[in-house]
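Take a look at the structure below.
Quick note on labels: first sequence line is chain A, next is B, and so on, each numbered from 1.
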Number of protein chains: 2
Amino acid sequence: MPVVISSTKKQILNAARNFFRERGYAATSMREIAKEVGVEPASLYSHFKSKEAILQYICFHIADEFFEMQEPILNSVSNPIEKLKRLVTGHINVIIENLEASSVFFNEWCYLKKSELKKFAEMRERYERGFRNVILEGITSGDFRMMDVSFTVRLLFSVMNGIHEWYKISGKVTPDEAGEKMSEFILNGLAIK
Amino acid sequence: MPVVISSTKKQILNAARNFFRERGYAATSMREIAKEVGVEPASLYSHFKSKEAILQYICFHIADEFFEMQEPILNSVSNPIEKLKRLVTGHINVIIENLEASSVFFNEWCYLKKSELKKFAEMRERYERGFRNVILEGITSGDFRMMDVSFTVRLLFSVMNGIHEWYKISGKVTPDEAGEKMSEFILNGLAIK
DNA sequence: CCTACCGATCGGTAGG
DNA sequence: CCTACCGATCGGTAGG
């Protein structure tokens with residue numbers, strides 16, 4: 001059942017995503033967002049009850065996208081290597097298709113209020129567990145080296161998430177090529193064996 | 001020639017580094033910094049001419065540390081693999097020994113004023129070039145696979161820089177062990193060959 | 001969705 | 001390094 005969302009609300013979210021990414025949450029004022037949308041500052045409050053509520057919407061909405069991508073892959077039957085490749089490609093595709101929201105998700109989540117911060121941490125833990133399990137499967141199956149799984153998953157997320165800072169939609173590398181190259185980096189590294 | 005720096009100035013920098021990392025530059029007020037140091041807000045301005053000047057000091061000071069680490073390694077005669085290992089370990093050691101400053105360097109540089117932003121970008125470009133050249137050397141020598149060097153260097157920096165977000169001084173992984181594990185990840189990846 | 005407005009807080013300065 | 005203070009801007013509300 002699709003959630004109906006007014007055109008003005010969409011515009012507010014769009015403006016907020018851009019400003020929050022560009023200048024940061026704390027440095028963005030409700031007045032700037034209102035001006036961009038073309039309404040008076042007070043009018044924003046008939047769509048969101050606070051500035052932080054806008055941030056909430058952005059962060060949890062993009063989180064849904066990550067889970068919707070992850071679940072079918074985790075439940076598929078492919079081997080660990082194939083599974084990891086698909087997760088990596090899926091993850092960076094979500095980022096690339098939502099560059100502004102992803103940047104806010106990665107960099108501005110800390111401005112969520114306490115109760116939401118807790119939900120946020122639990123969600124991230126659940127998502128990361130999916131990746132950890134695939135790596136464990138791969139070690140068990142003999143496809144992956146023995147390694148410190150927690151440490152490695154953090155490296156994995158660093159590589160994948162970093163892409164939001166430098167990927168250019170207009171560049172010559174398509175999202176799928178980026179997934180290919182990144183998977184090669186993650187699976188085989190730089191050195192010739 | 002060591003630059004003499006007053007005890008109060010040091011305290012201001014320390015408080016600023018902590019607050020800028022914890023809440024972000026924009027969300028930190030001069031009043032909070034002053035309170036932490038134990039002086040009146042107005043007194044900060046006899047040490048720094050503006051809030052942004054504090055940010056400048058933090059960003060460019062830690063940048064010096066990165067260059068001081070990099071230069072001798074680039075000029076050493078070790079082979080590309082050894083060189084890259086030492087650069088990786090050196091880079092993350094600078095981060096780990098300066099977690100607050102590094103976080104500010106990576107996340108808050110965008111609040112520098114325009115003229116400083118330009119210097120900052122040039123500096124970063126020069127530093128990254130050092131890494132790119134080592135990878136090029138490695139491809140030429142046959143130690144590294146053929147690859148998209150620009151793309152790979154971005155992945156490399158993502159892996160290395162990400163550590164400032166999750167490394168715990170109190171954890172069981174020492175800085176040198178972290179360098180070892182990270183180099184293994186970068187050079188050989190997850191898969192068994 | 002607007003007008004009108006609130007109290008709080010901001011970075012920074014004058015002058016000592 | 002302090003007292004005293006500035007104009008600007010902030011998130012948000014009342015009431016229509």
5' precedence on DNA chain D between A:Lys49 and A:Ala27 (nearest-nucleotide basis)
A:Ala27
Please name the nucleotide paired to D:dA14 by Watson-Crick or G-U wobble geometry with both distances under 3.5 Å, or report none.
C:dT3
Proximity of B:Phe66 and B:Phe105 rings by center, below 6.0 Å:
yes
Take the protein atom CD1 of A:Ile33 and the nucleotide atom P of D:dC10, then report the distance between them rounded to whole Å.
11 Å
Hey, would you say the A:Phe157 and A:Phe131 ring centroids sit under 6.0 Å apart?
yes
Atom CD1 of B:Ile12 to atom C1' of D:dC1: distance rounded to whole Å?
11 Å
Rounded to the Å, how far apart are B:Leu44 CG and C:dC10 P?
13 Å
Hey, which of these two, B:Thr28 or A:Pro41, hits DNA chain C nearer its 5' end, going by closest nucleotide?
A:Pro41
Selection from D:dG12, D:dC1, D:dT3 that lies nearest to any side-chain heavy atom of B:Glu40:
D:dT3
May I have the distance from B:His47 (atom NE2) to D:dC2 (atom C1'), rounded to whole angstrom?
13 Å
If the cut-off is 4.0 Å, is B:Ser46 near the phosphate of D:dC1, judged by side-chain N/O to OP1 or OP2?
no
Quick one: on DNA chain C, does B:Ala42 or A:Gly38 contact a more 5' nucleotide (nearest heavy atom)?
A:Gly38
With a 4.0 Å cutoff (strictly under), does any side-chain N or O of A:Ser50 reach OP1 or OP2 of D:dG11?
no
Give the rounded distance in Å between these two atoms: NZ of B:Lys113 and C1' of C:dG11.
14 Å
Where the side chain of A:Met30 is defined as all heavy atoms beyond and including C-beta, which of D:dG11, D:dC2, C:dG11 is the nearest nucleotide?
D:dG11
Give the minimum heavy-atom separation between A:Glu71 and A:Arg126, together with the two atoms involved.
OE2-NH1, 4.0 Å
Under 4.0 Å, counting only non-hydrogen atoms across every strand here, what does B:Ser29 touch: a base, just sugar-phosphate, or nothing?
sugar-phosphate
Tell me: CZ of A:Phe19 to P of D:dC10, nearest whole Å?
12 Å
Minimal non-hydrogen separation, B:Lys181 against A:Phe151, with atom names
CB-CE2, 3.5 Å
Take the protein atom CZ of A:Arg31 and the nucleotide atom P of C:dC5, then report the distance between them rounded to whole Å.
14 Å
Interatomic distance, A:Tyr45 OH vs D:dC10 C1' [rounded to whole Å]:
9 Å
Strictly by modelled atom types, are A:Thr174 and A:Asp176 linked by a side-chain donor-acceptor pair under 3.5 Å?
no
